[in-house]
Amino acid sequence: MNRLQEEKEPKAGFSLSVTREEYRTASLLAARRHGSLRALPAAVVVAAALLALGLFLLDWDRFSFTTALIPLFLCLCCPALLIYVFFLEPQRLRGRADEDYETYQALMKDAVLYLYPDYAVTRTPDLRLHDQYALIGECIETPELFVFLKESERLLILPKRCLPPEKREELEDFLRLAFVRRRHVMRNWVF
């Protein structure tokens, strides 16, 4: 077998099926790394600073409604900011992900993913995607998923359950090595 034939042989080929929950998780992970949830740690620090400033400015000796208005407003901004960052914005992203999932399902019906040494090919009856690892900006790994961020709106989602059981460990190590400098390990979308 010559070298050209060896390069055309995929390391693995397997069916790719992504559930709605996996798609939501991947969308939240992408938003956490490069989207609207990127400022999550800063929002927690700002919320704590607002609470501390509000409590510091509150004059307990001469307490009146007019002197307590600004400090109480600052104290109330803390939970409002946390509710927005941890509940409202993720809820909005989940709703958007649910809408996008319908399109994803239509495009990726009966998808098969082939992993080659330098690129991945996703084939469906209507579509063929060729993704070079060098052009994929980042890989996020969770215990259940690999999420590859190619562009601001394009994700390649690889659930680990789809990997062939006999090659699972080998393929996970291969993907970790292929994205060694661009791989981020996260347990969930928050941390």
Side-chain angles (χ1 to χ4, degrees), residues 6-38 40-41 86-87 89-191:
E6 287 177 11
E7 288 180 6
K8 291 193 177 196
E9 290 294 317
K11 290 185 145 310
F14 47 89
S15 293
L16 184 64
S17 63
V18 176
T19 65
R20 184 178 300 271
E21 190 57 40
E22 289 168 338
Y23 192 86
R24 279 186 202 142
T25 301
S27 295
L28 287 170
L29 288 167
R32 176 67 178 87
R33 292 295 305 161
H34 296 286
S36 59
L37 295 176
R38 179 180 56 216
L40 189 76
F86 282 99
F87 181 73
E89 183 62 13
Q91 205 56 24
R92 184 188 70 81
L93 291 170
R94 283 184 190 99
R96 184 172 159 210
D98 286 343
E99 293 171 7
D100 293 346
Y101 181 73
E102 301 302 324
T103 305
Y104 179 85
Q105 277 297 93
L107 290 173
M108 301 300 281
K109 185 177 181 180
D110 301 326
V112 178
L113 179 67
Y114 296 95
L115 296 176
Y116 291 89
D118 295 326
Y119 58 92
V121 175
T122 308
R123 288 189 185 145
T124 69
D126 303 320
L127 185 68
R128 183 172 184 218
L129 300 171
H130 185 275
D131 297 304
Q132 292 182 340
Y133 302 140
L135 298 178
I136 294 175
E138 187 173 353
C139 170
I140 302 170
E141 182 181 358
T142 68
E144 299 85 24
L145 298 171
F146 281 106
V147 179
F148 305 98
L149 307 176
K150 183 154 185 191
E151 298 159 7
S152 61
E153 293 292 319
R154 176 125 185 274
L155 305 174
L156 177 61
I157 304 166
L158 173 56
K160 291 181 179 180
R161 63 175 171 70
C162 292
L163 296 171
E166 65 277 1
K167 288 186 163 186
R168 182 176 178 164
E169 200 170 304
E170 175 189 341
L171 292 174
E172 286 178 359
D173 290 341
F174 164 71
L175 290 170
R176 288 175 184 135
L177 185 61
F179 294 96
V180 70
R181 293 183 184 208
R182 296 170 287 153
R183 182 175 72 97
H184 299 279
V185 179
M186 299 177 78
R187 295 192 192 282
N188 60 37
W189 67 269
V190 177
F191 298 107

Any donor-acceptor N/O pair, Lys167 side chain to Lys11 backbone, under 3.5 Å: yes

Option among Glu141, Arg32, Glu138 that satisfies the side-chain hydrogen bond (donor to acceptor under 3.5 Å, both in side chains) test with His184: Glu138

From CD (Glu22) to CD1 (Ile157), nearest 0.5 Å: 8.0 Å

OH-CG distance between Tyr104 and Leu155, expressed to the nearest 0.5 angstrom: 9.0 Å

Full working for side chain to side chain contact (heavy atoms under 4.5 Å, CB included) between Val185 and Arg183: CA-CA 7 Å; Val185 179; Arg183 182 175 72 97; 3.1 Å; yes

Value rounded to 0.5 Å, distance of OG1 in Thr122 from CG in Leu107: 11.5 Å

Phe86 side chain near Leu40 side chain, heavy-atom distance below 4.5 Å: yes

Verdict with reasoning, Glu21 to Arg24, per salt bridge (charged side-chain N to carboxylate O under 4.0 Å, His left out): CA-CA 5 Å; Glu21 190 57 40; Arg24 279 186 202 142; 2.8 Å; yes

Ring centre gap for Phe148 and Phe179 strictly below 6.0 Å: yes

Verdict with supporting geometry, Lys109 and Thr124, side chain to side chain contact (heavy atoms under 4.5 Å, CB included): CA-CA 6 Å; Lys109 185 177 181 180; Thr124 69; over 6 Å; no

Point-to-point distance, once rounded to the nearest 0.5 Å, from CG of Asp98 to CG of Leu93: 11.0 Å

Short N-O contact, Arg20 and Glu102, less than 4.0 angstrom: yes

Separation of Leu158 CG from Phe14 CZ (nearest 0.5 Å): 5.0 Å

